[in-house]
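So the structure is just underneath, and the comments pick up after that.
In this text the structure is predicted, and so the values were computed from the model without any measurement.
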Amino acid sequence: MKTISVKQPWAYLICSGVKDIENRTWPCPKKYIGKRVLIHASAVPIEMVNPNSVFTKVQWDRFSMGVQRELICGDSIVNSAIIGSVMIVDCVVNHPSVWAEKGVYNWVLSNAVLVIVFTTDYYSIFYR
């Protein structure tokens with residue numbers, strides 16, 4: 001199964017079924033349309049000093065207070081791991097979704113699956 005790497009918090013939102021678009025500067029290869037791909041949360045997340053620098057007001061207002069808190073604190077958001085999968089159902093430009101950036105390729109996603117990832121903080125185990 002193919003894998004795409006996505007920065008957090010986008011990877012979490014995709015696998016949770018909240019974000020239905022992945023924006024890329026290249027079109028999705030036709031052979032992946034209609035296929036399930038794994039979502040890899042990349043090692044380096046987006047720096048979120050202020051949610052306004054990452055999300056539009058429309059996007060942010062769609063989240064519950066609990067999700068907003070989780071995105072800001074990020075305690076259970078995992079990096080450097082496969083965190084789920086999603087179906088790529090289409091690839092278009094200028095999709096009407098609030099997650100679609102204009103002028104780039106919008107990979108349309110559906111049937112998201114978020115997996116529970118257990119991680120170990122090896123530093124705190126071996127270097128205390």
Side-chain angles (χ1 to χ4, degrees):
M1 186 177 290
K2 293 296 181 183
T3 303
I4 58 173
S5 287
V6 182
K7 288 188 174 193
Q8 288 288 28
W10 307 130
Y12 169 76
L13 293 171
I14 287 171
C15 293
S16 297
V18 173
K19 187 172 184 274
D20 61 349
I21 298 290
E22 172 59 10
N23 299 293
R24 299 282 168 138
T25 57
W26 63 91
C28 180
K30 292 188 188 299
K31 64 184 176 181
Y32 300 127
I33 304 292
K35 304 286 188 209
R36 181 165 294 278
V37 296
L38 298 173
I39 301 296
H40 172 261
S42 63
V44 180
I46 293 173
E47 185 176 335
M48 186 156 16
V49 175
N50 179 345
N52 294 329
S53 65
V54 177
F55 299 101
T56 66
K57 180 170 178 17
V58 172
Q59 291 168 342
W60 187 250
D61 288 346
R62 287 183 171 214
F63 301 136
S64 67
M65 291 296 287
V67 171
Q68 290 177 354
R69 189 175 308 109
E70 178 59 33
L71 292 172
I72 292 170
C73 298
D75 294 334
S76 64
I77 293 181
V78 177
N79 293 304
S80 298
I82 301 293
I83 64 164
S85 67
V86 70
M87 297 281 295
I88 301 174
V89 296
D90 203 359
C91 182
V92 298
V93 176
N94 297 329
H95 191 277
S97 169
V98 298
W99 300 102
E101 294 177 10
K102 303 305 177 206
V104 298
Y105 293 97
N106 311 135
W107 297 17
V108 184
L109 312 172
S110 72
N111 301 326
V113 175
L114 178 66
V115 298
I116 298 172
V117 179
F118 296 98
T119 61
T120 304
D121 181 354
Y122 291 101
Y123 179 81
S124 61
I125 292 173
F126 294 110
Y127 299 103
R128 278 194 175 166

Report task. Output yes when a side-chain donor or acceptor of Ser97 lies under 3.5 Å from a complementary backbone atom of Trp99, and no otherwise. Result -> yes

Query raised in the report: Between atom SG of Cys91 and atom CH2 of Trp107, what is the distance when rounded to the nearest 0.5 Å?
Result: 7.0 Å

Query raised in the report: Could you state the interatomic distance from CD1 (Ile83) to CG (Leu38), rounded to the nearest 0.5 Å?
Result: 11.0 Å

Requested in this report: Determine, using the 4.5 Å side-chain heavy-atom cutoff (strictly less than), whether Phe55 and Val104 are members of one ILVMFWY cluster.
Outcome: no

Query - Atom of Glu47, atom of Val54 and distance for their closest heavy-atom approach - result: O-CG2, 4.0 Å

Query - Student check: side-chain heavy atoms of Glu70 and Val67 closer than 4.5 Å - result: no

Query raised in the report: Is there a side-chain contact between Lys35 and Ile88 (heavy atoms, below 4.5 Å)?
Result: no

Query raised in the report: Under 4.5 Å between any side-chain heavy atoms of Phe63 and Val18, yes or no?
Result: yes

Report summary line: The side chain to side chain contact (heavy atoms under 4.5 Å, CB included) partners of Arg36 (sequence neighbours excluded) come to Met1, Ser85, Met87, Asn111, Val113

Report task. Determine the minimum heavy-atom distance between Ala43 and Asn79, stating which atoms define it. Result -> O-CB, 3.7 Å

**Report entry** Ile39 vs Val86 side-chain heavy atoms within contact, under 4.5 Å
**Finding:** yes

Query raised in the report: Does atom NZ of Lys30 have more than 12 heavy-atom neighbours, drawn from other residues, nucleotides or ligands, at distances under 6.0 Å?
Result: no

Query raised in the report: What's the spacing between Glu101 CD and Thr25 OG1 if we round to 0.5 Å?
Result: 10.5 Å

Report task. Report the C-alpha separation of Val6 and Ile14 in whole Å, then their side-chain angles, then the decisive distance to 0.1 Å, and conclude whether the side chain to side chain contact (heavy atoms under 4.5 Å, CB included) test is met. Result -> CA-CA 9 Å; Val6 182; Ile14 287 171; 4.1 Å; yes

Report summary line: CG (Leu109) and CG (Leu13) are apart, to the nearest 0.5 Å, by 12.0 Å

Query raised in the report: Do any pairs count as a salt bridge (charged side-chain N to carboxylate O under 4.0 Å, His left out) and have a residue in residues 10-26, sequence neighbours left out, and if so which ones?
Result: Lys19-Glu22, Glu22-Arg24

**Report entry** Contacts of type side-chain hydrogen bond (donor to acceptor under 3.5 Å, both in side chains), residue Asn23, not counting sequence neighbours
**Finding:** Asn106

Report task. Indicate if Leu71 and Val58 have the same hydrophobic cluster label, given that clusters are the connected sets of ILVMFWY residues with side-chain heavy-atom separations under 4.5 angstrom. Result -> yes

Query raised in the report: Mind checking what makes side-chain hydrogen bond (donor to acceptor under 3.5 Å, both in side chains) contact with Lys57, not counting sequence neighbours?
Result: Asp61

Query raised in the report: In terms of hydrophobic clusters joined by side-chain contacts under 4.5 Å, are Ile46 and Val44 together?
Result: no

Requested in this report: Provide the full list of side-chain hydrogen bond (donor to acceptor under 3.5 Å, both in side chains) pairs with a residue in residues 5-14, sequence neighbours left out, each pair given once.
Outcome: Ser5-His40

Query - Straight-line distance of Ile4 CD1 to Ser42 OG, nearest 0.5 Å - result: 11.0 Å

Report summary line: Heavy atoms of Cys15 and Gly84 approach each other most closely as SG-CA, 3.6 Å

Query raised in the report: So, do Val37 and Thr3 sit near enough that their side-chain heavy atoms are less than 4.5 Å apart?
Result: no

Requested in this report: Applying ring-ring contact (aromatic ring centres under 6.0 Å, His included), name anything that partners Tyr105, two or more places apart in sequence or on another chain.
Outcome: none

